[in-house]
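Comments concern the structure below.
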Number of protein chains: 2
Amino acid sequence: MTAEPTTTQRTTGAPPGGSSASRQHTLRERNLRLVAKAIYDAAAGTSGPPDAVPPSRADVAAATGLTRATVSTLVDHLVAARLITELPPAAAQRAGRPAVPLVPAARTVVGLGLEVNVDYLGVRALDLAGQTVADVVEQGAFHDSEPATVLGRLGTLAAEVVELLQSDGMRVAGARLALPGLVDVRTGELEVAPNLGWSSLDPVPLLSLASLPVHVANEAKLAALAELAGEVPDSFLYVSGDVGIGAGIVVDRGLFLAERGWNGEVGHVVVDPAGPRCSCGAHGCLEQYAGKEAVLRAAGLPLDAPLRSLLAALEADDDAARAALHRAGRALGSALADFVNLTGVSTVVLGGVYAELEPWLRDDVVAVLRERVLASPFAEPDVRAARAGQHAALTGGAREVLREVVADPAAWV
Amino acid sequence: MTAEPTTTQRTTGAPPGGSSASRQHTLRERNLRLVAKAIYDAAAGTSGPPDAVPPSRADVAAATGLTRATVSTLVDHLVAARLITELPPAAAQRAGRPAVPLVPAARTVVGLGLEVNVDYLGVRALDLAGQTVADVVEQGAFHDSEPATVLGRLGTLAAEVVELLQSDGMRVAGARLALPGLVDVRTGELEVAPNLGWSSLDPVPLLSLASLPVHVANEAKLAALAELAGEVPDSFLYVSGDVGIGAGIVVDRGLFLAERGWNGEVGHVVVDPAGPRCSCGAHGCLEQYAGKEAVLRAAGLPLDAPLRSLLAALEADDDAARAALHRAGRALGSALADFVNLTGVSTVVLGGVYAELEPWLRDDVVAVLRERVLASPFAEPDVRAARAGQHAALTGGAREVLREVVADPAAWV
DNA sequence: GGCGGTTTGTTGTACGGCTGAACTATTGCC
DNA sequence: GGCAATAGTTCAGCCGTACAACAAACCGCC
């Protein structure tokens, strides 16, 4: 008899009703979720490449353990709610009545990702099929900006997008607002966002988006969720390099958010107490070695240099640039070793500027992890570059909204 | 509109059936759990002091949202299964028919905690009422011991305890084996336990406990769960000082166990890369400052000195001892600051030898946490001593087994 | 090209479990 | 002793799933 991973998980989007009375309709809700999730996951290709052929009612019945009769009625409800679409039966190669392929509906229900960051703000809408149906990004300089003005502008953009989508017959399920700062996951308030110069405010009302449920989250954490669109383990640490260094802890495909969700502050892990003083008051924080500005400075580039000039220097084998990334990689490895040792999550995804710098960082990070992670002899740490592309938090936020739709389809039937 | 903590949690003891087909009997199972948990929690006094008077069927109905009719039949089942006991009606002060108080049954179903540690092995049995019904601890020296011999002896002790309990009419629900090493939570195998000199083995068969489900876990993690018996936040970091330094992450009253459960390795967070070399190969690990041996050495005591001689020196205001604890406290604070920053859990419980040393550690630990925890201006970190007493892992293991019984009472009706 | 074999999806009955309302049981208060 | 109040029980009704039989649509093969 062995220990099973008898574990619940604290991540985004717990199915509701875990600890409230179960009535007859609870069965319906739970089984609707089960069926919706089966079809959604098969289409998204949760593991491996997307199945060549979408599942039929019979497939869903086999996968869930429900009878075909029950699945049939549930699917009918989901189709009526426009969450699921029936495709024309494919030419069958087997004997028997051809199956009706079921896929998540396109352009019916969408989730919205919103973001304010230092140099841009944006709105992105995704549908259940995973397609981007709207994408608006405005460049800007929001360092020390006025929250009401910036969030008001973002709200206007979002309202325009919502208007457009609704006139196309789509329903907007909700929105996630990504901010580069400390967001209290319980209240949705922003405690502080150093790079915006914002503090102690409730951002949602400033958007003026009436009748649209908006949740707030940290930018790196939503960006982490965007990685779930691709092939990635169920649990990983996402580390996003930028002016600051943000992180998200993904466990079993959901965000780990204990207490107020203030985790992953890897930028201020002390790499060397004899190192340079950091803005946080401590000495030798990771940011002083692997923060964007520290790397540019060490590479002999101006602090406002674009990333591509650093990449150019690296590709040209510039010694200072190479040395800067070697130093950053060792420091990053050291801080990540603590991160892995403390959380027990062994895969690290490098996001933000680290994604593009990964070829020059990876070897050093891996080497230090191998030295310093205690479990590395039994579970080799894995380091990889993020793949979600530009403005990943917008994608992650929109995906998160849709995940909630799939997790509670009963609200839509 | 604000962000809710829309989070599932990965901790010990997920209610089963989260993602499988819901049939009619699923309702029964879920509601049985709900009722059992309501009665159990009220008795255990999950928050605050135990309610003066245990809940009645009507109270449970009000608390759960189920009707009195449903609660009545469910309670009848639980009473028949001897999981719940009806107390004689208390003298009613209100008008109306007096309520029948419901409490967890004493001495009917018990959970077993087992442990092998460096200097002892033990068996403890707890019943649903929270009482210890059996407690056997054998001192010994198990450094570099033979696993088969030691676990065989523990198995014999456990079998004797089981025999005794069963002859008294009790049913043993299961057992948890605590080991001071790296335990793979998925397979139950022990990868390595440095202080026992054990590695790569499956401990459960060596116990030779037929027909008793035994799960294996890390000792510090089970000790952390023992704290849940007292007044403690729902989430906290438990750090246990001993020869090594172990830790457990408790989130929403359950263990956080991502992947294989290898988290909380705080003993090898690097406090100062210029510090002394550690057995793990790195320099300046926390253990070199706050490990039991490092503290004793710094205090000028022999490495095998008992804890009470250190406590005596501290109470006598011995300079070397005080300085040793100051140094340990600063180092511990630094490593815990990383732990708090990375996990977002703001309460630290000091267990193992740290529990008794807490008066001399606390101020330094708190001071460093205040400096280094980024969220400390918004959520003051809390540091407290563990209260579970000797051999906490035995208590935690037994409690964990009982928590599973309460989480799935349907298996017992 | 019709017929058996095969797989899909639907229909109708049975059953389990919760609800709501009425009912019984037991007390305090006037 | 009667009335109000609270606890617990009984029973018809409803809801959602299972099970089994059935209809639909295809293949292959003689």
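All values below come from the heavy atoms of this structure, side chains included, with hydrogens, waters and symmetry mates left out. Below, read A as the first sequence line, B as the second, and so on, with proteins coming before strands; counting in each chain starts at 1.
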Calculate the interatomic distance between A:R57 atom CZ and D:dA25 atom C1'; express it in whole Å.
15 Å
Applying salt bridge (charged side-chain N to carboxylate O under 4.0 Å, His left out) to A:R107 and not counting sequence neighbours gives A:D168
In whole angstroms, how far is the P atom of D:dA7 from the CD atom of B:E86?
15 Å
Minimum heavy-atom distance between B:R253 and B:V232, given as atom pair plus value
NH1-O, 4.2 Å
Output yes when at least one side-chain N/O atom of B:R94 is less than 4.0 Å from OP1 or OP2 of D:dA7, else no.
yes
Calculate the interatomic distance between A:L34 atom CG and D:dG16 atom C1'; express it in whole Å.
15 Å
Of A:L83, A:L402, A:V35, which is the lone residue that meets side chain to side chain contact (heavy atoms under 4.5 Å, CB included) with A:Y40?
A:L402
Lys/Arg-Asp/Glu bridge criterion (N-O < 4.0 Å) met for B:R176, B:E404:
yes
Between B:S22 and A:R30, do the side chains contain an N or O donor and an N or O acceptor separated by less than 3.5 Å?
yes
Looking only at side-chain N and O atoms, does A:R30 come under 4.0 Å of OP1 or OP2 in D:dG16?
no
For each nucleotide in nucleotides 16-25 of chain C, reading 5' to 3', give B when a protein heavy atom comes within less than 4.0 Å of its base, S when such contact involves only the sugar-phosphate, and - otherwise.
BBSBB----B
Short side-chain N/O contact to C:dT8 OP1/OP2 from A:S72, under 4.0 Å
no
Can a donor-acceptor pair be found between the side chains of B:T108 and B:R171 at a distance below 3.5 Å?
no
